[in-house]
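Input: a single structure, listed below in structure tokens.
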Amino acid sequence: EGSGSFYSDKRDQQISAGTVSGSVSITYYAPKDSDTESDKVTIRATSASSTNVSATIELTFAKGKISLSAVPKELIADGNSESKITAQVTDFNDEPAPDGERITFSIMSKIGSFGSGDTTASAQSSSGTTSVTYVAPREVGDDKVIIQATAVGYETYTSTAEEPIITLLAQEVGTITLTSGADSIP
């Protein structure tokens, strides 16, 4: 029960194998091209010659992790200010993820955009990292930028309002100083 297969290039979920000295060995391949609905799969082995002989094993898929950082963390909401958002991607052993892992970034707070003008962007990892450029909006509405990063086989990372990736600042309002040599202005 679950996804994956017994052949790396097929979707076969059943396999027959003969015994050698009373043992049988098979290889199970976890799914690569889509995320699983469940983090577990159950494999059952049953003897073809006797229905009374069977074994069951449950496997748990280990997922990698994504963390995000932004430089700078504060931006002026002027429609031009930019921040580089970097995803650190590690496998289930806390080692840098393999090159080519596709990370999808989404602006959950719907304020600002990525360099493409969209609220979603994708980039591939290299040496366990990848980056996208965030562009501040023209005005501050909500000042907390919430970003989510996802990838197949990795835990989803979503920043929070309590710990936003970026905080937007209003543009400075200029000041005008008036001076007069008279005590009053008519």
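Keep in mind it's a predicted model, so treat the numbers as computed, not measured.
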**Item:** Atom of Ile103, atom of Ala149 and distance for their closest heavy-atom approach
**Value:** CG2-CB, 4.1 Å
**Request:** Could you tell me whether a side-chain N or O of Thr130 sits under 3.5 Å from a main-chain N or O of Ala87, the two making a donor and an acceptor?
**Result:** no
**Asked** Less than 4.5 Å apart, any side-chain heavy atom of Thr86 and any of Leu68?
**Response** no
**Item:** side chain to side chain contact (heavy atoms under 4.5 Å, CB included) between Phe114 and Thr119, worked out
**Value:** CA-CA 6 Å; Phe114 292 113; Thr119 57; 5.6 Å; no
**Request:** Kindly indicate whether the side chain of Ser127, heavy atoms from C-beta on, has any atom under 4.5 Å from the side chain of Pro96.
**Result:** no
**Request:** Drop me the distance from Lys144's NZ to Ser159's OG, to the nearest 0.5 angstrom.
**Result:** 11.5 Å
**Prompt:** Is the shortest heavy-atom distance from the side chain of Pro137 to the side chain of Leu168 under 4.5 Å?
**Reply:** yes
**Request:** For atom CD of Glu139, decide whether the heavy atoms of other residues, nucleotides or ligands shown that lie under 6.0 angstrom number more than 12.
**Result:** no
**Request:** Can you see which heavy atom on Ala170 is nearest to which on Ile76, and at what distance?
**Result:** O-CD1, 4.2 Å
**Fill in**
Nearest heavy-atom approach of Ser113 to Ile107 is CA-CD1, 3.5 Å
**Prompt:** About how many Å separate CD of Glu101 and CG of Asp91, when rounded to the nearest 0.5 Å?
**Reply:** 9.0 Å
**Request:** Please name all residues satisfying side-chain hydrogen bond (donor to acceptor under 3.5 Å, both in side chains) with Ser122, sequence neighbours left out, ordered by chain then number.
**Result:** Thr104
**Message:** Tell me the closest heavy-atom pair linking Ile146 and Ala161, and the distance in Å.
**Reply:** CD1-N, 3.4 Å
**Complete:** Rounded to the nearest 0.5 Å, the CD1 atom of Ile165 sits from the OG atom of Ser83 at a distance of 9.0 Å
**Prompt:** Between Ala77 and Ala136, which heavy-atom pair has the shortest distance, and what is it?
**Reply:** CA-CB, 4.2 Å
**Request:** For the residue pair Leu169 and Leu75, establish whether any side-chain heavy-atom pair is separated by less than 4.5 Å.
**Result:** no
**Asked** How long is the span from the OG1 atom in Thr120 to the CE atom in Met108, to the nearest 0.5 Å?
**Response** 11.0 Å
**Item:** From CZ (Arg102) to CD (Gln124), nearest 0.5 Å
**Value:** 4.5 Å
**Prompt:** How about Thr158 and Thr160: do any of their side-chain heavy atoms sit closer than 4.5 Å?
**Reply:** no
**Request:** Would you give the length of the straight line joining atom CD1 of Ile66 to atom CD of Gln88, rounded to the nearest 0.5 angstrom?
**Result:** 11.5 Å
**Request:** Apply side chain to side chain contact (heavy atoms under 4.5 Å, CB included) to Tyr157 and Lys65, showing your working.
**Result:** CA-CA 8 Å; Tyr157 176 93; Lys65 294 183 181 167; over 6 Å; no
**Asked** Considering all heavy atoms of both residues, which atom of Gly79 and which atom of Val135 are nearest to each other, and what is their separation?
**Response** O-CG1, 3.6 Å
**Request:** Sorted by first residue and then second, give each side chain to side chain donor-acceptor pair (under 3.5 Å) pair with at least one member in residues 69-82; sequence neighbours left out.
**Result:** Asp78-Ser81
